[in-house]
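In what follows, a structure is listed as structure tokens, so that the remarks can point back to it.
Just so we're on the same page: letters track the sequence lines, and every chain starts at 1.
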2 protein chains.
Amino acid sequence: MPKTSSCENDPDNCLTQCIHPAAIRAVRAALPARSLLAELAEFYKLFGDGTRLRILAALSIAELCVCDLSTLLDMKQPAVSHQLRTLKQARIVKARREGKVIYYSLTDEHIRHVLRVGMEHLGEQYETTEAL
Amino acid sequence: MPKTSSCENDPDNCLTQCIHPAAIRAVRAALPARSLLAELAEFYKLFGDGTRLRILAALSIAELCVCDLSTLLDMKQPAVSHQLRTLKQARIVKARREGKVIYYSLTDEHIRHVLRVGMEHLGEQYETTEAL
DNA sequence: CATACATATGCATATATGTACATGTGAACA
DNA sequence: TGTTCACATGTACATATATGCATATGTATG
């Protein structure tokens, strides 16, 4: 017979019972809302692409225009523009127009901080890049 | 005629010249290696999915087994296992076996830190969840 | 040793997403 | 006002990936 019959059962998971109902209740109470975590995932997702990360790393060093970025990163201009659009919509970068040229930069120091924390995780063996 | 003819030209970007060759040189010198940034992107990518993030948020509160997770998050057991496998390969979570049950937890405090930094970025309006 | 159960894995598929190509937009300048 | 050039956008497509289903693995137990 089941050890704990008083918890929500889902025959797709554990056949007869959930194993630690107390733990589940505790975690459920403290777990951030699903919608909040979804929003957070969308944020992290933007850092989860090599191209975008190279753009962000470059912008963390200096303000750059689209042309500079595409030369620097050896990318087609439309590809850079598309990524910048995504990053701008997410308020990760901001744009500043000067004549025909548009300069992009990180919106705030917080973005730089996120990059730094990730770099640190890759391990001290990489000797954290001074750029970030 | 071009203002600066001494810089690497890529007709796909700026037709006649790159705009700020000095800035490009400076950034190029400080930019982390492409491979390092690719590795970093792979790391962030794992946080860029709502499901995985819910798993990580749950594990940041308590050690849990697969069955608990699938009940808690209302997911099929194989889906949870698949994500846990990915997270384990990336050393973001670790597993501990106890009989038939396998308990998962975050590998270290650094992961919790990454989650916290992301939460903070979502803005103070969310009143940073005490769970993280 | 056979059964039960928690978890892992293989495979198929639907969806998401990054990039290329072509074209549109907008500002400066003659 | 027409041209040039930096940048943006629309569409198409190829790839990556998250999930569901079926099934395998491994451990305890009778």
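Minimum atom distance to the side chain of A:Lys100 is reached by D:dA6, of the listed D:dA6, C:dC21, C:dA8. Ranking C:dT7, D:dA18, D:dC7 by closeness to the A:Ser81 side chain, first place goes to D:dC7. In the set D:dA28, D:dT9, C:dA8, C:dA8 carries the atom at the smallest distance from any side-chain atom of B:Tyr104. Nearest nucleotide to the B:His82 side chain, out of D:dC7, D:dT9, D:dC21: D:dC21. Comparing C:dT19, D:dC21, D:dA18 against the side chain of B:Lys76 picks out D:dC21 as the nearest.
A donor-acceptor contact under 3.5 angstrom links the side-chain atoms of B:Gln77 to the base of C:dA8.
Nucleotide D:dT9 holds its P atom 8 Å from the CD atom of A:Gln89, rounded to whole Å. Whole-Å rounding puts the A:Gln83 CD to C:dA20 P distance at 10 Å. Rounded to a whole Å, the CZ atom of B:Arg85 is 12 Å from the P atom of C:dC11. Rounded to an integer number of Å, the gap from CD1 of A:Ile102 to P of C:dT25 is 15 Å. A straight line from CG of B:Leu84 to C1' of C:dT9 spans 14 Å, rounded to a whole angstrom. Across the protein-nucleic acid pair, B:Arg96 atom CZ and C:dA6 atom P stand 17 Å apart, rounded to whole Å. Between A:Arg97 atom CZ and C:dA28 atom P there is a gap of 8 Å when expressed in whole angstrom units. Atom-to-atom, NZ of A:Lys88 to P of D:dA8 comes out at 7 Å; the value is rounded to the nearest Å.
Remark: the backbone N or O of A:Arg91 is paired with a side-chain donor or acceptor of A:Thr107 at under 3.5 angstrom.
Residues from residues 44-55 of chain B with heavy atoms under 4.0 angstrom of DNA chain D, sorted by number: B:Lys45, B:Asp49, B:Thr51, B:Arg52.
Map A:Thr86 and A:Glu98 each onto its nearest nucleotide of DNA chain C; the residue landing nearer the 5' end is A:Thr86.
Atom CZ of B:Arg96 has more than 12 neighbouring heavy atoms from other residues, nucleotides or ligands inside a 6.0 Å radius.
Taking the six-membered ring for Trp and thresholds of 30 and 60 degrees, A:Tyr44 and B:Tyr44 have nearly parallel ring planes, at less than 30 degrees apart. Note on ring orientation: taking the six-membered ring where Trp is involved, the planes of A:His121 and B:Phe43 are parallel (angle under 30°, cut-offs 30° and 60°).
The only option from A:Ile92, A:Leu59, A:Val93 that meets the side-chain contact (heavy atoms from CB on, under 4.5 Å) definition with A:Ile111 turns out to be A:Ile92.
Nearest heavy-atom pair, B:Lys94 versus B:Leu106, reported as atom, atom and distance to 0.1 Å: NZ-O, 3.2 Å.
For the atom pair B:Leu53 CG and A:Glu42 CD, the distance stands at 10.5 Å (nearest 0.5 Å).
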